[in-house]
Amino acid sequence: MMMTALKQTHVRISRLDRTLIAAVVLLSSVFPVELFSNTPLAPMGHDGQYSGKQGQVLVVKVKGEEQATEVKGTFLSRTIPFFREFRPGEPAGYIGLLGIDMQDEPGTYELAVEVKQGEQAKQLTFNVLVAKEKFAVEHLKLPKDKVDLDERSTARWKAEQQLVRQALAEDSRLKLWHSNFVEPVNGKRTGIFGSVRIMNGQARNPHNGEDIGAPMGADVAATNDGIVRITVDHIFSGKGVFVDHGLGFYTMYFHLSEILVKDGDLVTAGQIIGKVGATGRATGPHLHWGVKLNGARVNPYALLDLPFKNGVTPSTSATIPTPETTPTSQAVPVKE
Ligand SMILES: [Zn+2]
């Protein structure tokens, strides 16, 4: 069974190879490719191609005058859909946002981009160096029952996780967001995305978003256009909203005191979707803002720094810095 499967795969690859070689010859003049990084924050990859730190977002551009049927990349088993991008006075092309998960192991990995144009396909490969981010270490003190879950709470937490996974299983195929991202709440960002968390002396999962300190009841805005995929009231996140911005890009807003939207609502950038609160596992009012980009947990502030201001991307793309984080052994008041 296994052998048969392997043989079939081999035959298919050989045929594919021939198609690809033909396609590369035909398309090489149509799709010159540029991956650029003007201000690399980490050493360049072996062949000088691309690099970024854990939790960052890289902007990848494939230039192409012709309309392709589909352009998509694969990076560490995650699929990165590319979208058409027009810029006045510049050749048209395709943009992909490559999220580096906060826990991707440092190292060099391949980014494979497939450009399909009708029956023809072209495969492009690049090396991306994932550099280590120096995440903070946080020591938190929480009521014992909020950290050590009993059997019933554990079961609830697992069921809730499953519910969210199901709700986000199917990515919208349309890009719903546009160039201008909005900070969801005016407050103090704590700079603790990715921080290693020690709760009541025990190491726990790293912090997968950014906390923004704000007064109880402050307005929380959607960072961009999208569709509300699911609203929840869960054990850890409290009252939360998951917004789907299309093409595998989601933002999350947790610990709300009030939710002002419902599942399936279309929202626009800046629209108030809830109020700051301290529901779920939180020690005080704040917004937990999280982002999932094609399966990668990235720093939400990387979105605000994306070079897409005023509806266009600049002539050079850049890696997106994460805010400087300093290891700390201080207890921080507002968390989770
Ligand atoms: Zn948080």
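Only this structure's heavy atoms are used, side chains among them; waters, hydrogens and symmetry mates stay out. We count ligands from 1, going down the list as the structure has it; atoms in each ligand are counted the same way.
In summary, Arg229 and Asp263 do not engage in a salt bridge, as defined by a charged side-chain N under 4.0 Å from a carboxylate O.
The closest side-chain donor-acceptor pair between Ser237 and His288, if any, does not fall under 3.5 angstrom.
Looking at His288, its N, O or S atom nearest to the Zn ion (ligand 1) turns out to be ND1. Asp211 contributes atom OD1 as its closest N/O/S atom to the Zn ion (ligand 1).
Taking the centre and axis of the six-membered ring of Phe83, the NZ or CZ atom of Lys175 falls inside the cone set by 45° and 6.0 Å.
In summary, of the residues considered (Val196, Ile192, Leu140), a side-chain contact (heavy atoms from CB on, under 4.5 Å) with His207 occurs for Ile192 alone.
With 2.8 Å as the limit, His286 does not count as an N, O or S neighbour of the Zn ion (ligand 1).
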